[in-house]
Amino acid sequence: MRKKIQNTLKITCNDVDLTAIGNIEFYVRQSNFFGCYTPAVLSSTEMAVIIPFEDAKKLRHGEVELQFAFTNTDGHPDASDILSMTVEDLLKEVGYDPV
C-alpha cells in the first residue's frame with residue numbers, strides 16, 4: 001500500500017522577527033509551477049511550511065526558487081531574498097513516496 005504524504009519544511013530566518021510581522025506567504029517557484037503557502041510561525045526565528053504531495057509531484061528535477069513575503073512592522077509589503085536549491089534537496093527531508 002502506498003501512502004501519499006506531505007512535506008513539512010522547517011525554515012529558520014535570522015534577519016526578521018517572524019512573530020512581529022504579518023500576512024506571511026511562502027512561495028515555491030519553478031518554470032512550470034508556482035505554489036503559495038501560509039506558514040505556521042513557530043518562534044521569532046522559525047516557521048513551518050507544508051508542501052502537499054500533489055504540489056510536490058509537479059516539481060521537475062533541477063533548481064527551484066524559494067521566497068517568503070510579508071507585511072513588515074511598519075505595515076509595508078516586504079519579502080525575503082530568493083533562495084535557489086535543487087528539488088531533490090527541498091523534498092528529501094521527509095521523502096515523498098514516489099508514485
Side-chain angles (χ1 to χ4, degrees):
M1 178 172 17
R2 290 184 180 257
K3 181 180 178 187
K4 296 178 181 176
I5 60 175
Q6 61 193 15
N7 197 10
T8 302
L9 304 172
K10 186 175 173 186
I11 300 161
T12 301
C13 179
N14 296 317
D15 297 335
V16 65
D17 179 351
L18 297 172
T19 61
I21 61 176
N23 303 318
I24 305 171
E25 294 182 332
F26 185 81
Y27 308 128
V28 177
R29 284 189 212 111
Q30 205 174 47
S31 60
N32 64 318
F33 178 80
F34 176 79
C36 178
Y37 312 99
T38 302
V41 174
L42 305 175
S43 72
S44 63
T45 59
E46 294 180 329
M47 64 180 152
V49 177
I50 295 173
I51 299 177
F53 177 79
E54 291 301 317
D55 286 355
K57 286 191 334 183
K58 296 174 185 174
L59 296 172
R60 294 186 222 157
H61 293 287
E63 293 291 312
V64 64
E65 293 181 336
L66 309 173
Q67 183 178 35
F68 70 96
F70 55 94
T71 301
N72 66 24
T73 55
D74 295 329
H76 297 99
D78 205 345
S80 69
D81 291 336
I82 296 171
L83 173 68
S84 293
M85 65 186 329
T86 66
V87 170
E88 294 78 13
D89 286 340
L90 174 67
L91 302 179
K92 75 177 181 180
E93 290 299 317
V94 173
Y96 287 93
D97 190 9
V99 181

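Index from 1, following the sequence.
No continuous path of ILVMFWY side-chain contacts below 4.5 Å connects Ile11 to Ile82, so the two sit in separate hydrophobic clusters. The hydrophobic cluster containing Leu9 also contains Met85, counting ILVMFWY residues as joined when their side-chain heavy atoms lie under 4.5 angstrom apart, directly or transitively.
Residues that satisfy the side-chain contact (heavy atoms from CB on, under 4.5 Å) test with His76, not counting sequence neighbours, are Asn72, Asp74. With sequence neighbours left out, the side-chain contact (heavy atoms from CB on, under 4.5 Å) criterion links Asp81 to no other residue. By the side-chain hydrogen bond (donor to acceptor under 3.5 Å, both in side chains) test, Asp17 is found to be paired with Thr19, residues two or more places apart in sequence or in another chain being considered. For the side-chain hydrogen bond (donor to acceptor under 3.5 Å, both in side chains) test, residues two or more places apart in sequence or in another chain that qualify with Arg29 are Gln67. Residues forming a side-chain contact (heavy atoms from CB on, under 4.5 Å) with Asp15 (at least two apart in sequence, or on another chain): none. Annotation: ring-ring contact (aromatic ring centres under 6.0 Å, His included) contacts of Phe70 (sequence neighbours excluded): Phe68. In this structure, Asp78 has no side-chain hydrogen bond (donor to acceptor under 3.5 Å, both in side chains) partners at least two apart in sequence or on a different chain. Scored by the side-chain contact (heavy atoms from CB on, under 4.5 Å) test, Thr73 finds Ala20 as partners (sequence neighbours excluded).
Contact of the Phe26 side chain with the Leu66 side chain is registered, since non-hydrogen atoms from C-beta on lie closer than 4.5 Å. Ile21 has its side chain out of reach of Thr71: every pair of non-hydrogen atoms, C-beta onward, lies at least 4.5 Å apart.
The hydrophobic cluster containing Tyr27, built from Ile/Leu/Val/Met/Phe/Trp/Tyr side-chain heavy atoms closer than 4.5 Å, also comprises Phe34.
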* Could you go through the side chain to side chain contact (heavy atoms under 4.5 Å, CB included) check for Val28 and Leu59 one step at a time? => CA-CA 9 Å; Val28 177; Leu59 296 172; 4.2 Å; yes
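When all heavy atoms are compared, the tightest approach of Lys58 to Asn32 is O-ND2, 2.8 Å. Across every non-hydrogen atom of Ile50 and Tyr37, the tightest pair is O-CD2, 3.6 Å. Listed here is the closest heavy atom pair of Ser84 and Glu65: OG-CG, 3.9 Å.
In this structure, Glu63 CD and Thr86 OG1 are separated by 6.5 Å, a value rounded to the nearest 0.5 Å.
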Side-chain donor/acceptor pairs under 3.5 Å, residues 38-47, sequence neighbours excluded:
{"unit_1": "Ser43", "atom_1": "OG", "unit_2": "Thr45", "atom_2": "N", "d": "3.3"}
{"unit_1": "Ser43", "atom_1": "OG", "unit_2": "Glu46", "atom_2": "N", "d": "3.2"}

